[in-house]
Amino acid sequence: MFETHRCLSVIIPSYNEEATIAHVVRQVLRLEMVAEVIVVNDCSRDRTAEIVQELAAADPRVRMLQHDVNRGKTEALKTGFAQVLGDIVIIQDADLEYDPAEIPEVIQPIIDGKADVVYGSRFLVRKASRVLYFYHFLANKLLTFTSNLFTNINLTDVETGYKAFRSEIMRNMVITSSGFGFEIEVTAKVAKLQCAIYEVPISYYGRTYEQGKKIGAKDGVAAFWYILRYNVFCSLAASFVKIPVLPSRAL
């Protein structure tokens, strides 16, 4: 069980998000359980860094970590995970696709001591969800189904942006994928660890490519290779620097 006051680290990977980053960070800071907000600026070419620096000057809970070259979402997350101080860590996208007001619902199973990992599902129960690309929907369903075949867990949304963890899991995980490969890699590795994994329904306010959506077809193709790589060719011992001691594994 966790004390709800200041137990949460929020990692926000950011690349050219000047239009939304201030709003997202301020929304996150309104949550009483937030201990820190780590914005990883992945070599943005716009005013993202300047805006985050202003936010950090106004609130000591905000920190910015900087990449000198653009490395992609997975590398940004690796940088953030190495610095987390809270007992629980969640990923928050820098755009407006996911609502920070729903973070307490996502992390509640961890706070209650029931879960080690929680995924916010866009499909478990249909909440507010923008209607967008049908092919993205099909690709996500196929990726989730294929991932489930290898992990033997029954997720509904492997590609969700809202993923929360007991922090010791991510501090010890060896992450080797690139680009948007994190979603598949982390799912394979928490399954190997036999974590208590929960899903909770979330809203989704998707963006179009014109509005800045970055994931594309090649990322989907790469995800199928990552499913094979991290489920078949990667052992539990190779997945973690040190195997985390989790309450659910002691039950």
Side-chain angles (χ1 to χ4, degrees), residues 11 13 15 71-78 81 90-95 97-98 102 106 115-165 169-170 173-209 211-236 238-239:
I11 298 178
Y15 177 63
R71 302 178 187 174
K73 179 180 178 179
T74 297
E75 287 297 323
L77 291 173
K78 286 173 62 177
F81 288 134
I90 192 169
I91 302 160
Q92 170 69 53
D93 282 359
D95 51 37
E97 291 191 326
Y98 298 88
E102 296 185 359
V106 176
D116 304 312
V117 176
V118 182
Y119 283 22
S121 173
R122 295 166 289 180
F123 310 117
L124 188 63
V125 175
R126 295 291 283 186
K127 299 181 76 175
S129 182
R130 183 176 179 182
V131 177
L132 279 174
Y133 305 111
F134 178 66
Y135 293 133
H136 279 192
F137 172 80
L138 283 182
N140 192 5
K141 285 295 187 182
L142 183 56
L143 281 171
T144 298
F145 176 77
T146 308
S147 176
N148 288 348
L149 282 177
F150 284 88
T151 60
N152 195 31
I153 56 178
N154 61 333
L155 291 173
T156 64
D157 190 6
V158 73
E159 291 290 323
T160 178
Y162 262 162
K163 292 180 171 70
F165 311 86
I169 295 173
M170 301 316 298
M173 186 179 290
V174 177
I175 301 172
T176 60
S177 60
S178 60
F180 289 89
F182 172 80
E183 320 297 351
I184 296 300
E185 179 178 7
V186 72
T187 301
K189 291 180 177 179
V190 297
K192 291 178 187 294
L193 191 59
Q194 297 182 348
C195 293
I197 304 170
Y198 276 58
E199 285 187 304
V200 299
I202 59 169
S203 306
Y204 180 63
Y205 306 93
R207 294 195 298 178
T208 65
Y209 286 106
Q211 292 172 318
K213 193 170 187 68
K214 301 175 180 70
I215 194 167
K218 67 178 182 180
D219 299 300
V221 173
F224 286 103
W225 159 240
Y226 286 136
I227 290 173
L228 187 64
R229 176 180 177 183
Y230 292 113
N231 284 284
V232 177
F233 301 116
C234 184
S235 67
L236 175 62
S239 299

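In this text, all values refer to a predicted model and were calculated from it rather than measured experimentally.
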Could you please spell out the steps behind the side chain to side chain contact (heavy atoms under 4.5 Å, CB included) verdict for Asn148 and Ile153?
CA-CA 5 Å; Asn148 288 348; Ile153 56 178; 4.3 Å; yes
May I have the step-by-step check of side chain to side chain contact (heavy atoms under 4.5 Å, CB included) for Thr151 and Asn231, ending in yes or no?
CA-CA 7 Å; Thr151 60; Asn231 284 284; 3.2 Å; yes
Would you sort out whether Val190 and Val186 count as a side chain to side chain contact (heavy atoms under 4.5 Å, CB included), showing the intermediate values?
CA-CA 6 Å; Val190 297; Val186 72; 4.3 Å; yes
Does Val117 form a side chain to side chain contact (heavy atoms under 4.5 Å, CB included) with Ile169? I'd like the steps, not just the answer.
CA-CA 9 Å; Val117 176; Ile169 295 173; 3.8 Å; yes
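Residue Ser239 comes nearest to Ser235 through the heavy atom pair OG-O, 2.7 Å, listed as atom of the first residue, atom of the second, then distance. In terms of heavy-atom proximity, Asp157 sits nearest to Gly120 at OD2-O, 4.0 Å. Across all their heavy atoms, Gly181 and Thr74 have their closest contact at N-OG1, 3.6 Å. Of all heavy-atom pairs between Ile91 and Pro13, the closest is CG2-CD, 4.3 Å. Between Ser147 and Ile227, the shortest heavy-atom distance links the atoms N-CD1, 3.8 Å. Nearest heavy atom pair, residue Ala115 against residue Tyr198, reads CB-CD1, 3.5 Å.
Distance alone, capped at 3.5 Å, places no donor-acceptor pair between the Lys189 side chain and the Met173 backbone. Side chain of Lys192 to main chain of Cys234: a donor-acceptor pair is present (N/O by atom type, distance under 3.5 Å, no hydrogens or angles).
Residues forming a side-chain hydrogen bond (donor to acceptor under 3.5 Å, both in side chains) with Ser177 (at least two apart in sequence, or on another chain): Glu185. Partners of Ala139 under the side-chain contact (heavy atoms from CB on, under 4.5 Å) rule, at least two apart in sequence or in another chain, do not exist in this structure.
Distance check, rounded to the nearest 0.5 Å: CG of Leu143 to CG of Leu138 gives 11.0 Å. The CZ atom of Phe150 sits 11.0 Å away from atom CD1 of Ile184, with the distance rounded to the nearest 0.5 Å. The CG atom of Leu236 lies 8.5 Å from the CD atom of Gln194; values are rounded to the nearest 0.5 Å. A distance of 11.5 Å separates CD1 of Ile11 from CD of Gln92, quoted to the nearest 0.5 Å.
With Phe123 as the partner, the side-chain contact (heavy atoms from CB on, under 4.5 Å) test is satisfied by one option alone out of Thr144, Leu155, Asn140: Asn140.
Side-chain polar atoms of Thr156 and Ser121 form a donor-acceptor pair below 3.5 angstrom. Residues Tyr204 and Thr160 bring no donor and acceptor atom of their side chains to less than 3.5 Å of each other. Defined by atom type and a distance below 3.5 Å, a donor-acceptor pair is present between the side-chain atoms of Ser178 and Tyr226.
Aromatic ring orientation, Phe182 versus Phe165: perpendicular (interplanar angle above 60°, classes split at 30° and 60°).
Side-chain contact between Val158 and Thr146: absent, with no pair of heavy atoms (C-beta onward) separated by less than 4.5 Å.
Taking the six-membered ring for Trp and the full ring otherwise, the centers of Tyr162 and Tyr119 sit at least 6.0 Å from each other.
For residues 194-204, no pair satisfies salt bridge (Lys or Arg N to Asp or Glu O under 4.0 Å), with sequence neighbours left out.
In this structure, Glu97 does not pair ionically with Arg122, as no charged nitrogen and carboxylate oxygen lie closer than 4.0 Å.
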